[in-house]
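Residue indices begin at 1 and follow the sequence shown. Any value given below was found using the heavy atoms of this structure, including those in side chains, with hydrogens, waters and symmetry copies removed.
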Amino acid sequence: MYRNRIEAVTRRTFLKVVGSAGAGLTLAIGSLPLDALAAAAKPGPAAAGAAGSAVPTGPEFAPNAFLRIARDSSVTVIVKHVEVGQGTYTGLPTLVAEELDAAWSRVRVEGAPADAKRYNNLRWGPMQGTGGSTSLAEAFDQYRTAGAAARAMLVAAAAARWSVPADTIEVRNGVVSHGAKKATFGELAADAAKQPVPASPALKDAKRFVYIGTHVPRTDSKAKSTGTAVYTQDIHLPDMLTAVVAHAPRFGAHVKAIDAEALKGLPGIRFVVEVPHGVAVVGNSFWDAKKGRDALRVTWDDASGFRYSSSDIFAEFRRQVATPGAMARSEGDAAKALGGAARRLDAEFEFPYLAHAAMEPMNCVIRYDGDRAEAWNGEQFQTADQAAIARVLGLATEKVAIHQLFAGGSFGRRANPQSDYLVEAATIVKGLAAQGQRGIPVKLVWTREDDMRAGYYRPASLHSMHAGLDGSGKLVAWQHRIVTQSILAGSPFAAMIAHGVDPTSVEGAADIGYAIPNLTVDLQSPEIAVPVQWWRSVGHTHTAFAVETFIDEAAQAAGKDPVEFRKVLLAGDPRRRAALTLAADKAGWGRPLAPGASGTRRGRGVAVHKSFDTAVAEVAEVTVAADRSFTVDRVVCAVECGLAVNPDVVRAQMEGGIGYGLAAALFGEITIKDGAPVQSNFNDYRVLRINEMPAVEVHIVPSDAKPTGVGEPGVPPIAPAVANALAMATGRRLRRLPLSLSA
């Protein structure tokens with residue numbers, strides 16, 4: 001039991017209904033006239049993604065799709081990746097400003113529209129989207145080149161105006177100069193626009209960096225701290241209606257009948273629309289729609305509905321773990337080496353389903369006039385969502401515009417391959433159009449309970465592991481079998497499954513950096529009707545725990561220090577080894593821990609893991625009380641992420657990842673009962689509270705390599721580091737999450 005646990009009280013009653021999908025039915029409720037809703041008090045759609053307040057004036061210089069310069073010298077950077085708190089609206093503009101030699105105070109940010117031809121993710125091919133901690137890594141050269149091209153054109157314009165050689169001109173802090181001659185970007189914008197765009201402009205040498213590698217203020221901080229940042233909830237369009245959906249809580253059920261009679265006496269209710277997996281009530285406001293949704297009587301056909309509970313799911317997992325699965329990695333002869341080992345270790349690890357639990361539940365606004373559609377959303381998967389909306393409405397994809405807003409968290413949830421909540425919204429506006437109500441914008445709002453119980457989850461999993469040590473304590477055999485649902489199966493990304501192996505199920509296990517001569521990793525992918533999706537750091541969320549706690553157990557069995565044991569095995573992986581060495585040094589590894597209060601025991605544990613090309617090591621310190629409750633007191637983190645474009649953002653992402661991963665390690669669990677999720681809100685799906693956050697210090701391994709991702713890699717090592725610390729303190733190995741010494 002975690003000592004700081006706070007008993008929560010349920011805040012609201014969840015409407016309990018039964019069932020799932022259906023489509024096509026739209027009922028108009030009464031004949032109430034449309035209310036003219038006030039225009040937004042906050043910035044409207046055109047400014048929805050902006051992180052600055054200056055209004056450009058006059059002709060603009062737009063040398064490419066990623067930036068434009070106005071006559072007032074403001075530099076607007078068009079960011080193709082959504083800002084969900086991970087820093088894209090600061091990191092990518094930093095690259096442009098660096099090569100442009102712009103004044104940071106004049107940099108503005110705008111979210112890119114849905115346009116895969118111009119704004120595709122270079123790691124994903126012809127697809128626009130944010131995920132896999134790719135944002136800065138994939139766009140590093142692209143955004144630098146965009147800034148360098150604009151700078152070259154401004155210099156060329158100044159050289160022509162002043163009749164001087166271009167290589168004698170200086171650019172600094174948004175001012176172009178040659179001796180006494182000076183001009184701002186805005187003064188040169190019109191002339192620069194006439195210059196040819198250089199195909200391969202020279203990029204700065206790292207020694208000349210002004211912004212990259214230093215702290216520059218985040219572009220979104222002021223808007224988010226003053227309440228002017230625009231999220232979906234801040235969009236208010238004329239005549240806009242709001243929709244709330246009654247979802248079937250049992251997976252696989254369908255709508256059988258709808259009784260809307262009780263809604264006729266409620267004010268503000270406008271329509272009832274059947275959508276996939278539920279029924280939407282559309283009203284003049286959220287509260288109107290919410291009351292209507294709660295009063296709506298739906299009969300669900302759950303004859304084919306999912307009936308398993310968590311215990312049934314894990315019983316199926318244990319049946320499958322006894323049988324070899326699809327081979328993900330095989331080196332040497334693990335079975336033979338295990339049979340001949342001087343000492344054998346066996347372990348089984350169990351991981352529950354997890355909710356994303358983003359601060360902002362799913363929502364979006366869609367307007368459809370019969371010929372075109374517009375969507376406003378904290379948009380993470382532009383290409384997939386644009387195509388899904390177009391498919392529902394029968395439009396060509398180019399007829400669907402998506403306005404990118406801030407998103408209040410996501411952790412992968414908004415990158416949904418099925419575009420579930422956007423499909424719901426598109427179905428609703430299509431239903432309204434069929435009733436002659438074209439052009440009316442609809443804001444779809446999921447409550448926290450909807451998001452927790454009708455969404456998608458990190459898959460549950462079961463790991464069976466075996467290791468063998470020789471007489472000298474050397475690790476000579478390693479067998480790792482994983483049983484977990486495939487995230488990619490049945491999705492548009494199913495082609496990534498090769499030879500029966502979903503790479504997201506085995507990442508962090510099939511690519512471990514430890515040099516073990518005889519090793520196998522195989523996978524069973526049971527078909528379970530619980531909807532699953534990537535969750536922050538995806539497969540690494542469970543593989544890191546299994547690998548790093550088991551390797552720690554092997555070190556203990558060998559009678560060797562856990563850090564030194566790992567270092568020997570990581571001789572061929574300098575990045576992981578560097579992160580491990582730095583974290584251990586900064587944590588004071590090898591020195592005694594300060595004693596705790598009388599009757600307590602203290603422990604220190606370590607884990608190192610590589611995900612999304614970034615190596616992170618974390619050392620956790622814990623205190624265990626006499627009643628077996630415990631606290632996590634301190635975490636020391638070292639990250640090897642290549643060049644740290646903004647060290648403050650890197651530290652913030654590690655701190656956030658540790659907090660998010662710690663919440664899952666200590667509390668996170670979605671349980672299934674008779675085919676439905678049990679948890680519904682933060683009262684029974686615990687997240688970490690401020691008073692439960694340990695002291696965290698983050699250290700960055702110096703590097704001049706190109707940057708790698710930092711949005712997710714801080715998450716995987718924290719749970720095993722804490723579990724290893726608890727093992728040091730108590731002698732007990734925990735093999736199930738969430739962690740508990742009371743079980």
J.: Report the relative orientation of the aromatic rings in Trp446 and Tyr421; use parallel for angles under 30°, tilted for 30 to 60°, perpendicular for over 60°.
T.: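 Aromatic pair Trp446/Tyr421 classed perpendicular.
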J.: side-chain contact (heavy atoms from CB on, under 4.5 Å) with Thr214: which residues, sequence neighbours excluded?
T.: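 side-chain contact (heavy atoms from CB on, under 4.5 Å) list for Thr214, sorted by chain: Val216.
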J.: Report the residue from Arg576, Lys610, Arg575 that forms a salt bridge (Lys or Arg N to Asp or Glu O under 4.0 Å) with Glu640.
T.: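 Answer to the salt bridge (Lys or Arg N to Asp or Glu O under 4.0 Å) test with Glu640 among Arg576, Lys610, Arg575: Arg575.
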J.: Kindly give the heavy-atom pair with the smallest separation between Asn64 and Ala149, and that separation in Å.
T.: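 Closest pair (atom of Asn64, atom of Ala149, distance): ND2-CB, 4.5 Å.
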J.: Is any side-chain heavy atom of Pro361 less than 4.5 Å from a side-chain heavy atom of Thr447?
T.: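 Contact flag for Pro361/Thr447 side chains = no.
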J.: Find the distance between OG (Ser135) and CD (Glu83) and round it off to the nearest 0.5 Å.
T.: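 Output value for this atom pair is 9.0 Å.
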J.: Does a donor on one side chain sit under 3.5 Å from an acceptor on the other, for Ser73 and Thr184?
T.: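 Short answer, yes.
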J.: Can you classify the ring geometry of Phe381 versus Trp534 as parallel (below 30°), tilted (30 to 60°) or perpendicular (above 60°)?
T.: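 Phe381 and Trp534: perpendicular rings.
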J.: Let me confirm one number: the NE2-CG distance from His215 to Asp648, rounded to the nearest 0.5 Å.
T.: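 Result: 5.0 Å between the selected atoms.
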J.: Quick one: does Ile169's side chain get under 4.5 Å of Leu154's, heavy atoms only?
T.: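 With C-beta onward as the side chain, the pair stays apart.
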J.: How long is the span from the OG1 atom in Thr427 to the CG atom in Leu432, to the nearest 0.5 Å?
T.: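 Result: 11.5 Å between the selected atoms.
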J.: Is Arg448 reaching over with its side chain to a backbone N or O of Met359, donor-acceptor style, under 3.5 angstrom?
T.: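 The answer is yes, because a donor-acceptor pair under 3.5 Å joins these two groups.
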J.: Do the numbers put Arg106 on top of the ring of Phe185, so that NZ or CZ is under 6.0 Å from the six-membered ring centre and no more than 45° off the axis?
T.: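 Not flagged: Arg106 not positioned over aromatic ring of Phe185.
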J.: Decide yes or no for Val230 and Trp376: does some side-chain heavy atom of the first lie under 4.5 Å from some side-chain heavy atom of the second?
T.: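 No, their side chains stay 4.5 Å or more apart.
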J.: Sequence neighbours excluded, which residues qualify as side-chain hydrogen bond (donor to acceptor under 3.5 Å, both in side chains) partners of Thr226?
T.: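 Testing Thr226 for side-chain hydrogen bond (donor to acceptor under 3.5 Å, both in side chains), a comparison that skips the adjacent residues, returns Thr228.
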J.: Restricting to pairs with a member in residues 138-152, which pass salt bridge (Lys or Arg N to Asp or Glu O under 4.0 Å), not counting sequence neighbours?
T.: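 Sorted result for residues 138-152: Lys80-Glu138, Glu99-Arg144, Asp101-Arg151, Asp141-Lys706.
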J.: What pairs with Arg161 under salt bridge (Lys or Arg N to Asp or Glu O under 4.0 Å), at least two apart in sequence or on another chain?
T.: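 Arg161 satisfies salt bridge (Lys or Arg N to Asp or Glu O under 4.0 Å) with Asp191 once adjacent residues are dropped.
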J.: With distance as the sole criterion, is a donor-acceptor pair present between the side chains of Asn121 and Thr134 under 3.5 Å?
T.: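 Yes, because at least one side-chain N or O of Asn121 sits under 3.5 Å from a partner of the opposite role on Thr134.
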J.: Got Arg414 and His356 here, is their nearest side-chain heavy-atom distance under 4.5 Å?
T.: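 They are not in side-chain contact.
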J.: Check Pro441 against Val365 and note the closest heavy-atom contact, atom names and distance.
T.: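 Reported closest heavy-atom pair: CB-CG1, 4.4 Å.
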J.: Does any N or O in the side chain of Glu618 come within less than 3.5 Å of the main-chain N or O of Cys637, such that one atom is a donor and the other an acceptor?
T.: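 No, because the side chain of Glu618 does not come within donor-acceptor range (under 3.5 Å) of the backbone of Cys637.
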J.: Give the C-alpha distance, both sets of side-chain angles, the deciding distance and a yes or no for salt bridge (charged side-chain N to carboxylate O under 4.0 Å, His left out) between Asp420 and Arg413.
T.: CA-CA 10 Å; Asp420 59 339; Arg413 178 63 181 91; 2.6 Å; yes
J.: Look at atom NZ of Lys224 and say whether more than 12 heavy atoms of other residues, nucleotides or ligands are closer to it than 6.0 Å.
T.: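 Check passes, neighbour count above 12.
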J.: Hey, which of Arg68, Arg71, Arg108 is the one that makes salt bridge (Lys or Arg N to Asp or Glu O under 4.0 Å) with Glu60?
T.: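 Exactly one option meets the salt bridge (Lys or Arg N to Asp or Glu O under 4.0 Å) with Glu60, and it is Arg68.
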J.: Any side-chain heavy atom of Gln533 sitting closer than 4.5 Å to one from Phe411?
T.: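 Sidechains of Phe411 and Gln533: no contact.
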J.: For the residue pair Thr708 and Asp613, confirm or rule out a side-chain donor-acceptor distance under 3.5 Å.
T.: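 No, no side-chain donor-acceptor pair sits under 3.5 Å.
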J.: For Asp704, does the CG atom have more than 12 heavy-atom neighbours from other residues, nucleotides or ligands under 6.0 Å away?
T.: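 Atom CG in Asp704 is not packed in, count stays at 12 or less.
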J.: Could you check whether any side-chain N or O of Glu98 sits under 3.5 Å from a backbone N or O of Ile212, counting only pairs where one atom can act as donor and the other as acceptor?
T.: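 Yes, because the side chain of Glu98 sits within donor-acceptor range (under 3.5 Å) of the backbone of Ile212.
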J.: Got a sec: does the NZ of Lys204 have more than 12 other heavy atoms crowding it under 6.0 Å?
T.: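 It does: Lys204 NZ has more than 12 such atoms within range.
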J.: Is the shortest side-chain heavy-atom distance between Val538 and Glu712 below 4.5 Å?
T.: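 They are in side-chain contact.
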J.: Could you check whether any side-chain heavy atom of Trp104 comes within less than 4.5 Å of a side-chain heavy atom of Thr94, counting everything from C-beta outward?
T.: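 Yes; the side chains approach each other to less than 4.5 Å.
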J.: Is it the case that atom CD in Glu398 sees more than 12 heavy atoms from other parts of the structure closer than 6.0 Å?
T.: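 For Glu398, atom CD is crowded (more than 12 foreign heavy atoms under 6.0 Å).
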J.: Mark yes or no for whether Thr397, through its side chain, and Ala387, through its backbone, hold a donor-acceptor pair below 3.5 Å.
T.: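 Not a single qualifying donor-acceptor pair exists.
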J.: Between Gln404 (side chain) and Ala114 (backbone), is there a donor-acceptor pair under 3.5 Å?
T.: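 Checked: no pair found.
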J.: Is a donor from one side chain sitting under 3.5 angstrom from an acceptor on the other, for Glu379 and Asn377?
T.: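 Yes, side-chain donor-acceptor contact under 3.5 Å.
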J.: Could I get the full list of side-chain contact (heavy atoms from CB on, under 4.5 Å) partners for Ala289, not counting sequence neighbours?
T.: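 side-chain contact (heavy atoms from CB on, under 4.5 Å) list for Ala289, sorted by chain: Val244.
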J.: Centre-to-centre under 6.0 Å for Tyr660 and Trp535, is that the case here?
T.: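 Here the rings of Trp535 and Tyr660 have centres that are less than 6.0 Å from each other.
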J.: So His540 and His609, would you call those rings parallel, tilted or perpendicular, with 30° and 60° as cut-offs?
T.: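 His540 and His609: perpendicular rings.
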J.: Please tell me if the side chains of Val698 and Glu655 come closer than 4.5 Å, counting only heavy atoms from C-beta onward.
T.: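 Heavy-atom side-chain distance check passes, below 4.5 Å.
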J.: Charged N to carboxylate O under 4.0 angstrom, Asp234 versus Lys443?
T.: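 Salt bridge absent between Asp234 and Lys443.
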J.: Under the rule for salt bridge (Lys or Arg N to Asp or Glu O under 4.0 Å), what residues qualify as partners of Glu424, not counting sequence neighbours?
T.: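 Counting only residues at least two positions away or on another chain, Glu424 forms no salt bridge (Lys or Arg N to Asp or Glu O under 4.0 Å).
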